[in-house]
Amino acid sequence: MPGRAAMLVSVGTVIMTTLTLASLVRGFGVNWGNIASHPLNPDIVVRMLKDNKINKVKLFDAHSWTMNTLAGTGMEVMVGIPNNLLESLAKDYENAKDWVKENVTAYMGKNGVNIKYVAVGNEPFLSAYNGSFLETTFPALKNIHKALKEAGHTDKMKATIPQNAEVYQSSNDKPSEGDFRSDVKKTMVDIVNFFHDNDLPFTVNIYPFLSLYLNEHFPVEFAFFDGKGESIPDNGKNYDNVFDANYDTLVYSLKKAGVKDMKIIIGEIGWPTDGHKYATPKLAEKFYAGLMKRLAKEEGTPLRPERLEVYLFGFLDEDMKSIMPGPFERHWGIFRYDGTPKFMLDFTGQGRKIVPVAAKGVKYLDKQWCIVNKDTINLDKVAPDLEYACYHGDCTAMKGDSRCSKLDRIQNISYAFNMYYQIQGQDVRACDFKGTARITKDNATVGSCLFPIQIVSGSDDFRISFVLGRFVVVGLVLLGFVTII
């Protein structure tokens, strides 16, 4: 189903232009996750990265297919270690040596993978984990760093730990009072000093969108970069957006840990396009336009007026992510599941009304959909089937004020049935529901609510291979309304 970009991106009277860039914003990359029922093949994704002139990527594991596809491209790679490996890496140095040998050394050399960072865990100190990784993360980091050093890699790459911004907070809701959360402070100070002693960077994930999601009184404009938010004074600095306030809260926290000049990497930042009233392509476009212009100016934050290193989250939608944080979790992608861009985005930071280059070579399943059989459906008894389809499929686009939230009852059921049917690879048995569903060749899409057709994906073992679900937890509030995320 190529050519759907015109259906999916609101362009008004602006003619969509192919992305041909001479000079992209320095210092940005993208997160490439694969918690998807039908992930795009790595060769297609790498071509997308090249077509969009993106030369930095952050991974959540070291899947061999992905790594081999990145080999020889010259792209800078941050390769991740899932949280469920932290215990074994912390317990036995030999395990860390083996991991480095199999997932780093194996891909080095001429025409190898340009690994720049190794991410040890992913947001391991979230409150939602109840301290599950508190005792293992730092020992795992030390063992991985030691193994990298022993293998002769530390002159080329550095270990780090991507943390959620929840690990720091402020006692009076201002950045200048920033400090690490009390229950993790001792460990965080130890980690930060280890980073400092070994010239390793601090990686943090910051999400302005979540400030809106978690606080109904949060001023909307403070989540964006266009300077329309009310300015907050603090120690001679002024903050007109939540990102700056959040980032500088970390800077103050690091100072209190005894480190003033540590390199900071933004491991994740982005804006979802569905699953909440503020999760829309229009607002995502606004957020990214402001962010890219900001990065292009290389002006940093009030405390750190310097070029930022940032990884956008995420490159692609992921339809199997946990929705515990919210229905929007499956809609963080700049691109849809099939590599179709969802909104205008100029990676040069010039604010041009252009769309990113879509995926090429994507193959789709047959043009058929699963919908309600109106002749056999009993609306009084369909609830269990609807619940089953949504639980095993993806109904997040019907939640709240999402793009498919205005469907009537029959259309709702059809949408749920089709999502389940497509995720099951159009298995005919997945479009039965006790005889209440049927397969149709007529496009079931209703207005702006796309009833998708799944893509042909390379292998089942590539799916959902890497990371404990990413949970998002409220941090704290600046001046009573700026949530630190």
Results of side-chain contact (heavy atoms from CB on, under 4.5 Å) for Ala90 - residues two or more places apart only: Thr136, Pro139, Ala140
Ring centres under 6.0 Å, that's the criterion: do Tyr213 and Tyr207 meet it? no
Would a line drawn from the ring center of Trp271 to the ring center of Phe343 be shorter than 6.0 Å? no
Checking side-chain hydrogen bond (donor to acceptor under 3.5 Å, both in side chains) against Ser402, which of Thr396, Thr280, Asp274 comes through? Asp274
So, Thr203 side chain and Gly267 main chain: donor-acceptor pair closer than 3.5 Å or not? no
Determine the interplanar angle of the Phe133 and Tyr129 rings, folded into 0 to 90°, and report it as parallel if under 30°, tilted if 30 to 60°, perpendicular if over 60°. perpendicular
Salt-bridge contact Arg330-Asp394 (side-chain N to carboxylate O under 4.0 Å): yes
According to side chain to side chain donor-acceptor pair (under 3.5 Å), who are the partners of Glu221, at least two apart in sequence or on a separate chain? Lys286
Are Asp319 and Gln454 close enough that some pair of their side-chain heavy atoms sits under 4.5 Å apart? yes
Residues forming a side-chain contact (heavy atoms from CB on, under 4.5 Å) with Gln411, sequence neighbours excluded: Leu407, Asp408, Val446
Is it the case that more than 12 heavy atoms not belonging to Lys186 sit under 6.0 Å from its NZ atom? no
Give a yes or no on whether the backbone of Asp244 and the side-chain of Asn241 come within a donor-acceptor separation of less than 3.5 Å. yes
Check this for me: does any side-chain nitrogen of one of Asp346 and Arg352 sit under 4.0 Å from a carboxylate oxygen of the other? yes
Considering residues, nucleotides and ligands other than Lys263, do more than 12 of their heavy atoms fall under 6.0 Å from its NZ? yes
